[in-house]
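Have a look at the structure below, then the notes.
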Amino acid sequence: MKKQLSTKYEARKVEEGKYDFWLEKNLFSEHDKSKPPFTIVIPPPNVTGKLHLGHAWDETLQDMMIRYKKLRGYDVLYLPGMDHAGIATQAKIEERLRKQGISRYDLGREKFLEVAWDWKKEYADFIRSQWKKLGLALDYTKERFTLDEGLNEAVTHVFVSLYEKGLIYRGERIINYDPVQKTALSNIEVIYKETESSLYYFKYIIEGSEDYLEVATTRPETMFGDVCVVVNPEDERYQKYIGKNVINPSNGQLIPIIADDYVDVSFGTGVMKCTPAHDPNDFILGEKYNLEKPICMNEDGTINHLGHKYEGLDRFDARQQLVKDLQESGLCTKIEKHINQVGYSERSDAIVEPYLSKQWFVKMKPLAKQALDLQQTENKVNFYPPRFEKTFEMWLENIEDWCISRQLWWGHRIPAYYHKDTGEVYVGANPPKDIENYIQDEDVLDTWFSSALWPFSTLGWPNKTEDLERYYPTDVLITGYDILLFWVVRMIFQGVEFTKTRPFKDVLFHGLIRDEQGRKMSKSLGNGIDPIEVIDKYGADTLRHFLTTNSTPGLDIRYQVDKVEASWNFINKIWNASRFVIHNLTEDYQFEGLNLNNLSVPDKWILKRLNETIKAVSDNLDKYEFGLSGNYLYKFIWDDFCSWYIELSKVTLNSNDKDAVQTTLDVLYYVLKSIIIMIHPLMPFVSEEIYQTLHSDDVSIMNESWPSIIEHDFDFYAEVMEAIISVVSSLRTLRNEENIAPNKKIDLYIQVEDEKLLNALNDNRVYLERFAVSNTLEIASKTNLVGEGKTFILKGIELFVPLSGLIDIEEQINNLKKEIKKLEGEIARCNGMLNNPSFMAKAPQKKIDEEKAKLEDYQSRYQKAKELLESLTSK
RNA sequence: GGACGCUUAGCUCAGCUGGGAGAGCGUCUCCCUUACAAGGAGAGGGUCAGCGGUUCAAGUCCGUUAGCGUCCACCA
């Protein structure tokens, strides 16, 4: 019994077991070194949770490229891995612990890390199971984790090397501090949101006087750290006070009034308080005037001893209390509503506190310059779409140093050690020999410090491994534009610094995935879509097709159930077309190549269309235009192959001409096989199922080759086919308009001037009889075209369908008049162009020829319509 | 305050280097025809946001305005 596809397309059944089969056959991990390499390293998902639809999108695009390139003859490597995601993961783990009433300090560092590794294992397993469901062709033999031993070696190497070059330093600076996570953040981990806050005005009374300066601030709780007030030296209102002292209303301390043109005369009262430990600009002033930098806050965001009676209060409680007290004592004069940009921690959403603290920094200017220089060379990273390169450049041109230390436990420990007695700093890949005299830095590195090395650290760097040699630089990075600055930029500058080359040749950005209303998917809205639920309902192939073919590089997409269902329908169509083909193949059918000399007109036409489709699909995949390549496939498969070719093939298959049947089966087989190979990158499961049904269960479509273009001149036959299609389509419209049942036979007269076309149509009358459902069919160089009925004047062909009682002479005349008018318009347009000397002088010859050909066609049709009209009116 | 994106059919969106606007879904008509009714055959539907410019020719290039959106930026 020959193998068949089941009657119904059931994604679950089709997809079941395929992934394990691919794994068993080592199809993801076998590397043929005789082929050119093609590498994609997965953007490592965070081990914070399950993958969401955005991951599914990202990874499907990657997998599609991998599978496409494999079919194109590359030795592909799709390298999997995950990110420890320092803050994010630690926050999640602490949250889970909190529910059990445990804090990380109860456990201590070591114990906490054990818990964290358990967490990692749990989520890694989950993520792998999701990758499996999606069908990603990942080589698990090379899977990496940002916190594994090899990557730790890379991270340490980079840290030590940059330190030795003077590009990493430890310094006391104002950093963004998250008092909830109790850690420093880098600048881009702060999200500024427009927030309605208050602008408070306080009296700073001048020493030994009744006078006072009014100072406006949005953060009264930092007043305990004020060291002076500042006015603009040009500000006439306050010049007389410069050099005097004022009383800080929060604590009664005397502080001086100084002058600096940093102060904006028009903002607030034109007097600014200066708090060097709690504001980056004030810090700069502090440095400039060598001021003290008292810190008035603890690491948990509570006020410290400088706040006296407010000590221990949370910063915002202290603010409230202080304002209330000062209002009562008359020192708070005014409170205004004020809209300003307030920074929030990306992970914890806590309001970020600018905070003076000792942290590790990467000196960015030299690294940025190298990356910018790279982009001036031939070996630059190519951005798709190119506009993102501008964002990249602008950011690097205005870069500030990167704060890389984090007061966390889950991450790469900073390889710095401090001498217990001397305080001397030791930085090295290995601990100092007399380790007992040292204490290692407690902090870990920013997660992005390790992910910046991902494209090469995963391949074994800093060791000179075979993989690194072969697969690096990687070919394309596919990721969302939302992490351009976090990750992509950093991989590029670290890649240049440490590997002296770009880490990837191309970078393709996709957008965000939104819900049906266009809203960002988020936990708080509860509008997230679980990719696994979609897969369970429609299949991974459907989800993949939806995600890949509905997007344009760099733009967001909406998740739309209608479109997902359209993708399912498309697969169902392919399934049924495949069933038809397979059903018609006899048990002993063997494909032995196409006999190009024995092809029918429909055969030649579909092969020409196949050629065009292969080219269009390949070209667009090469340009990352997945939506366009999807459109070409869709149109070819649904319209050309299913609607036309399969229907036409039934004519031959039902005939007794054995040779013709064999040829038709060959073409059906050949085109179907080409189709499933081309859809394989989009729909790996169903294409494999069809492939195995055509062949056998132990072979895989993954070992096939991308279809190649058949070198043959199909042009004339395609024209014949197009003539047949236009005749059939015209008649179908006529039947609908005139309410003639599709199976009711009609008479049909076709007049063709061109002898070659005339003969070809006569040779292929069987298709016209069948699809036009004709009774009498006359195809001649001269035939009856007038009378009660409908005349069509097509390109090079005229048709007449006698319909007495339905269309009388008068209507026929009206129809012709309409047609003539339309043609006159077209002719006028063509003439307008062709008679325009500027057009003739400047337009490309190709365009001119096209217009000339059009004009010729219109004129001949016009002529014929005129003649017909005349013979009708003269009757 | 800078930079960028979007505005095309009722809805969601394509339209790559300028040369008579397309798809999916929805709507309307007909059809259970031997791969598929989650289907087939047809039809209708758009001054491509407004204005100006370049060009023989603009949805496409340039400028500008408006609406929506995103990113970056230290104004107390």
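A note on names: the letters A, B, ... follow the listed sequences, proteins ahead of strands, and every chain is numbered from 1.
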What nitrogen or oxygen pairs link the protein and nucleotides 3-5 of chain B at under 3.5 Å?
unit_1, atom_1, unit_2, atom_2, d
B/rA3, O3', A/Lys390, NZ, 3.1
B/rC4, OP1, A/Lys390, NZ, 2.6

Quick one: which protein N/O atoms are closer than 3.5 Å to N/O atoms of nucleotides 22-29 of chain B? Pair and distance per line, please.
unit_1, atom_1, unit_2, atom_2, d
B/rC25, O2', A/Asp562, OD2, 3.0

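At a threshold of 4.0 angstrom between heavy atoms, the contacts of A/Asp264 include nucleobase atoms, whether or not backbone atoms are also involved. Residue contacts for A/Ser578: at a heavy-atom cut-off of 4.0 Å it reaches no nucleic acid atom on any strand shown. As judged by a 4.0 angstrom heavy-atom cut-off over every strand, A/Thr275 is placed among residues making no nucleic acid contact. Within 4.0 Å of A/Lys635, counting heavy atoms only, lies no atom of the nucleic acid at all. Counting non-hydrogen atoms under 4.0 angstrom, A/Leu628 reaches the backbone sugars and phosphates but no base. Note on A/Val271: nothing from the nucleic acid sits closer than 4.0 angstrom, heavy atoms only. Within the nucleic acid shown, A/Glu737 has no heavy atom closer than 4.0 Å to any nucleic acid atom. Contacts of A/Asn836 with the nucleic acid, taken as non-hydrogen atoms under 4.0 Å apart, involve only primed sugar atoms and P, OP1 or OP2. Across all strands shown, A/Leu484 has no heavy atoms under 4.0 Å from either base or sugar-phosphate atoms. When heavy atoms are screened at a 4.0 angstrom cut-off, A/Asn550 is found touching no nucleic acid atom at all. Within the nucleic acid shown, A/Pro844 comes within 4.0 Å of at least one base atom, counting heavy atoms only. Using a 4.0 Å heavy-atom cutoff across all strands shown, A/Glu565 reaches no nucleic acid atom at all.
When the nucleotides B/rG42, B/rA76, B/rA38 are ranked by their closest atom to the side chain of A/Thr218, B/rA76 comes out on top. When each of B/rG15, B/rA35, B/rG19 is scored by its nearest atom to the side-chain atoms of A/Cys642, the top-ranked nucleotide is B/rA35. Closest approach to the A/Ser643 side chain among B/rA41, B/rA76, B/rA73 is made by B/rA41 (side chain taken as heavy atoms from C-beta onward). Considering only the side chain of A/Met833, B/rG19 comes nearest among B/rC71, B/rG19, B/rA38. The side chain of A/Thr552 lies closest to B/rG15 when the candidates are B/rG19, B/rC36, B/rG15. For A/Lys573, the listed nucleotide lying nearest its side chain is B/rA35; candidates were B/rG42, B/rC13, B/rA35. Out of B/rA76, B/rA35, B/rC71, the shortest distance to the side chain of A/Lys650 is found at B/rA35. The side chain of A/Tyr262 lies closest to B/rC74, out of B/rA14, B/rC74, B/rG42.
In this structure, a donor-acceptor pair under 3.5 Å is absent between the side chains of A/His278 and A/Thr222. Neither side chain, A/Gln375 nor A/Glu393, offers a donor N or O lying under 3.5 Å from an acceptor on the other. The closest side-chain donor-acceptor pair between A/Glu336 and A/Tyr200, if any, does not fall under 3.5 angstrom. Between the side chains of A/Tyr204 and A/Asp226, at least one donor-acceptor pair of N or O atoms lies under 3.5 Å.
Side-chain atoms of A/Thr269 come within 3.5 Å of backbone atoms of A/Glu214 as a donor-acceptor pair (strictly under, hydrogens ignored).
Partners of A/Trp395 by ring pair (Phe, Tyr, Trp, His ring centres under 6.0 Å), not counting sequence neighbours: none found. In this view, A/Tyr645 satisfies the ring pair (Phe, Tyr, Trp, His ring centres under 6.0 Å) rule with no residue, not counting sequence neighbours.
A straight line from CG of A/Leu547 to P of B/rU12 spans 19 Å, rounded to a whole angstrom. The separation between A/Phe580 atom CZ and B/rU34 atom P is 13 Å, rounded to whole Å. One atom, CZ of A/Phe641, and another, P of B/rG40, lie 15 Å apart when rounded to the nearest Å. Going from atom OH of A/Tyr192 over to atom P of B/rC72 covers 10 Å, rounded to whole Å. Atom-to-atom, CD1 of A/Ile646 to C1' of B/rG40 comes out at 13 Å; the value is rounded to the nearest Å. When rounded to the nearest whole Å, the span between CD1 of A/Ile574 and P of B/rG39 equals 13 Å.
Judged by the 6.0 Å and 45° rule, A/Lys635 forms no cation-pi pair with A/Tyr632.
You won't find any donor-acceptor pair under 3.5 Å spanning the side chain of A/Glu647 and the base of B/rA41, going by distance alone.
Within the structure, salt bridge (charged side-chain N to carboxylate O under 4.0 Å, His left out) pairs that include any residue of residues 258-272 of chain A comprise A/Asp260-A/Lys288 (at least two apart or interchain).
Taking the six-membered ring where tryptophan is involved, the planes of A/Phe570 and A/Trp638 are essentially parallel, since the angle between them stays under 30° and well short of 60°.
Place A/Ile339 and A/Pro553 on RNA chain B by their nearest nucleotides, and A/Pro553 ends up nearer the 5' end.
Judged by centroid separation below 5.5 Å and plane tilt below 30°, A/Phe839 does not stack onto the base of B/rA57.
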Practice prompt. Convert the base pairs of RNA chain B into dot-bracket notation, remembering that pairs crossing earlier ones are written with [ ] and that bases paired across to another strand are shown as |; include only Watson-Crick or G-U pairs under 3.5 Å.
Written response: (((((((..((((.....[..)))).(((((.......))))).....(((((..]....))))))))))))....

